[in-house]
> 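Can you keep this structure in mind? I'll have questions shortly.
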There are 4 protein chains.
Amino acid sequence: MCRLLGYLGQPVLLDRLISQSDHSLVAQSYQPQEMTAGLLNADGFGVGWYDSARGTEPFSYRNTLPIWNDANLQSLSRYIRSNCVLANVRSASAGLATDLSNCQPFQYASMMGIHNGLIQDFRKTLYRPIRERLSDLAYQFIQGLTDSEHLFAMTIDELETSANLTEALHRTLKVLTELAEEQQVAFSANLILSDGYQLVASRYAQRTSTPTLYYLQNDSAVERSTFIASEPTFAGDWQALPERCLLTVDHDSKLDITPI
Amino acid sequence: MCRLLGYLGQPVLLDRLISQSDHSLVAQSYQPQEMTAGLLNADGFGVGWYDSARGTEPFSYRNTLPIWNDANLQSLSRYIRSNCVLANVRSASAGLATDLSNCQPFQYASMMGIHNGLIQDFRKTLYRPIRERLSDLAYQFIQGLTDSEHLFAMTIDELETSANLTEALHRTLKVLTELAEEQQVAFSANLILSDGYQLVASRYAQRTSTPTLYYLQNDSAVERSTFIASEPTFAGDWQALPERCLLTVDHDSKLDITPI
Amino acid sequence: MCRLLGYLGQPVLLDRLISQSDHSLVAQSYQPQEMTAGLLNADGFGVGWYDSARGTEPFSYRNTLPIWNDANLQSLSRYIRSNCVLANVRSASAGLATDLSNCQPFQYASMMGIHNGLIQDFRKTLYRPIRERLSDLAYQFIQGLTDSEHLFAMTIDELETSANLTEALHRTLKVLTELAEEQQVAFSANLILSDGYQLVASRYAQRTSTPTLYYLQNDSAVERSTFIASEPTFAGDWQALPERCLLTVDHDSKLDITPI
Amino acid sequence: MCRLLGYLGQPVLLDRLISQSDHSLVAQSYQPQEMTAGLLNADGFGVGWYDSARGTEPFSYRNTLPIWNDANLQSLSRYIRSNCVLANVRSASAGLATDLSNCQPFQYASMMGIHNGLIQDFRKTLYRPIRERLSDLAYQFIQGLTDSEHLFAMTIDELETSANLTEALHRTLKVLTELAEEQQVAFSANLILSDGYQLVASRYAQRTSTPTLYYLQNDSAVERSTFIASEPTFAGDWQALPERCLLTVDHDSKLDITPI
């Protein structure tokens, strides 16, 4: 389990997104309220962002410390300003290293992604089958051990033959469901992807409870903007994304929800 | 606030002391039950131990990660065996760095020490007055910024003119009380000191609540041994050390409690 | 010993300043050519920068790893763009921790500073005398153990009663010289300070060799800009700052050199 | 490139093996003399050891910092005493993370191993072919990205059907040679393996220069003991292991050299 945050809208300082709210991502790190597994999200963190003035390749910053102990974050989050951000505080699966390579977001060309969830007994179940399906490019992309990064690698491949990010995520979840069914393996797969112009998110699980995912649009706090988060980060009219659904939101705040 | 553990008795593996019990120090790191301030003890940790076969200089191991994320600890704690151990999981005061120098235990010659508590607004109150009283030796000893290390440095000086560790700790607390009264500053000072032959502990505070401290002797789990801990680490006949008291226990399990 | 870099001029990406040149700061980390003590500068690093569009408080990023092993730096240095930068790769004095608090630059309000050099036997010589002269504000400012940070703290105090940064640095070096003479202690003090509008640098030592310091102005590579560096970072018409001199350069590239 | 050290003989303190000699592993970290690629070995390190009194499972300690900056190592290496040790200071291949999972030694059941060398363009050449040959057990064993860990995983599989460690290493190198020939890929493979009773080492390369490897037996410094090292760690009658050879030494100091 992790806690996710996605933002698309007016440019804001990172500080405002991850620290400056009642139940900020930092607070969700040491005191989350809706975890379905795990107690804390203190096994590293990461944030990725786009700079619309400088093309489509995103930037990222990750650390293995708990987010509240990163001495650089205060300065960086006062400096970095973005209209499109993904952030993650990590709760590692038992036995997995706190290596930087296991921290999110993952990034491939202009795409970034974060994941909250898990694949049951991943290393003994779908680890090898997922890898063997990957193109060489996606295979070589993987740096760490997490189920999360393997889902992202699957998306890299699906994107090659998909019309857009939403379709790529949808197809990734279909393939994952088939692989999981073969071995009767439970999984949960709340993901948020971005290419800098849109956010695409899923709330989805099989054979286990589905983690929460909320969204908020055009709140008075930040007009013409969309938030997606595992837990609401401040008081507002947050909506629960229905289970087994995909959410797509683009730069004009147009929002679509489709079943998976 | 931190959580403390002291052990004196039959040689045991570190693993058994800090990991292998229902409410081990590792569990107290992510789920403490009797904290008077703070939620977690995830801002680093440390363990110190003596090897009675190899003289009086202690050994120590510290890390800035949460204790549950130290990938080396499993191997080290299966290897290290000792009859006299101090261990600490840290909850940093707001704004203090997670630098290794701020992790406990502190060590000077054959003495080690750990502290749970705090001095109110330390840097603006007693930081400079305490330092200015120190001998050059104790002054130069200090590596970090914590109130804890400054209390330990005071003890280094008091030990010079004290008959034993107990008297040195007693006198340190007397001086601290006087300095704090001058500025009407609150503090709490649960400490455990050792020289490899005995444990000396205090449960003490002024103008604020006194953190808990328990001890257990000659439990069937580990005969002829004494545990001292902020919270009982396993079910047993733990006794609360009375407030404003010093506890001294020596290698023959002889235990004295005296008021401060 | 460390390696220093200061930059003032047209806004450039950090990447260009610290990585993209033949003898960049990264290269000076693993293969310096003009060190008077030490072999490498691999004991941490740091970079500080101003954003002229956003007021005078600077930003900074520091890490205890060798600069070439920081996995975040590539992304950060492609994102951060500044017209005024200080950077340092550290060669720790023997026995000093690689704690983040010991990494440079140091920052106080709108002032930043970096230092290359050392005070002989610092902890046993000038450590306590320097501290005892400090105002409470400068005293409480100090987070680490380095002689470098103590020189910076002295400058904080001198700035209170100085007309400008140049005078503050000059007076700091005067006081340092007096303190050092009393104890016949050798020191070297190459510093670069900034307030976002100007760079002030010293090349100075007593009773020991003076480390190198170079400057370069209006090179075709980066017009209307000034570089100051322990070693030239690329081929160009670099000038050695004479020993025992102060250099001041402002935003219009006006450059003054005065003897200390 | 890395620097390797293997030791089998009388129990000694780690300190003596890795720090206390003129050209110790620590010195080889910052000033190696016989590297065929790279300048330093400052990208992490690790040490593994056996305790003959406590069964065959080895212990290990690894860190991503340069070995000279590990603040815990002094204490640990004064405490840990062993008759069988493997140690490694790492020079990472370009682009590979300094994650702990990429540090050596690797450990499987009672076997440990360290590797100096590299497989040309590993991720694009033999990475996937090697993985696909592995048993599920060896496949799931791998935690990091290094060619070194993949060679060790191959050895895990070969050991299943080999008479001893020497044969397992020999067969691993045969398979590696075949895989490399198919793609005309250069590699170097100096390895040291142990099971606590013996050391087995290879000095071997194809299509590239063969890194150095030396051994020393029954030196007056440490009688009835064998050292194997990339570079001699102290003055003595070190012998160069011939290229394309395997060396096996057992607890009675019996030493065999066989061609590969």
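Both backbone and side-chain heavy atoms feed into the values below; hydrogens, waters and symmetry mates do not. Every chain is numbered from 1, with letters handed out A, B, ... down the list of sequences.
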> Is the number of heavy atoms from other residues, nucleotides or ligands within 6.0 Å of CD (B/Gln10) greater than 12?
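Yes, enclosed.
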> Rounded to the nearest 0.5 Å, how far apart are CD1 of D/Ile80 and CG of B/Leu76?
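One gets 6.0 Å once the value is rounded to the nearest 0.5 Å.
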> Once you round to the nearest 0.5 Å, how far does CG of D/Asn69 lie from CG of B/Leu100?
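Those atoms lie 11.5 Å apart.
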> What are the two closest non-hydrogen atoms of B/Arg54 and D/Tyr79, and how far apart are they?
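In terms of heavy atoms, the two residues are closest at NH2-O, 2.6 Å.
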> Counting only heavy atoms not in D/Tyr108 (residues, nucleotides, ligands), do more than 12 fall under 6.0 Å from its OH?
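12 or below, so no.
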> Which of the residues D/Gln107, D/Gln74, D/Arg81 is involved in the greatest number of heavy-atom pairs with chain B at under 4.5 angstrom?
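Max contact count across the listed options: D/Arg81.
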> Do side-chain atoms of B/Ser75 reach the backbone of D/Ser60 as a donor and acceptor pair under 3.5 angstrom?
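Yes, because the side chain of B/Ser75 sits within donor-acceptor range (under 3.5 Å) of the backbone of D/Ser60.
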> Are more than 12 heavy atoms from other residues, nucleotides or ligands located less than 6.0 Å from atom OH of D/Tyr197?
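Count not over threshold, so no.
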> With a 4.5 angstrom heavy-atom cut-off, which part of B/Leu73 approaches chain D: side chain, backbone, both or neither?
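For B/Leu73, no heavy atom lies under 4.5 Å from chain D.
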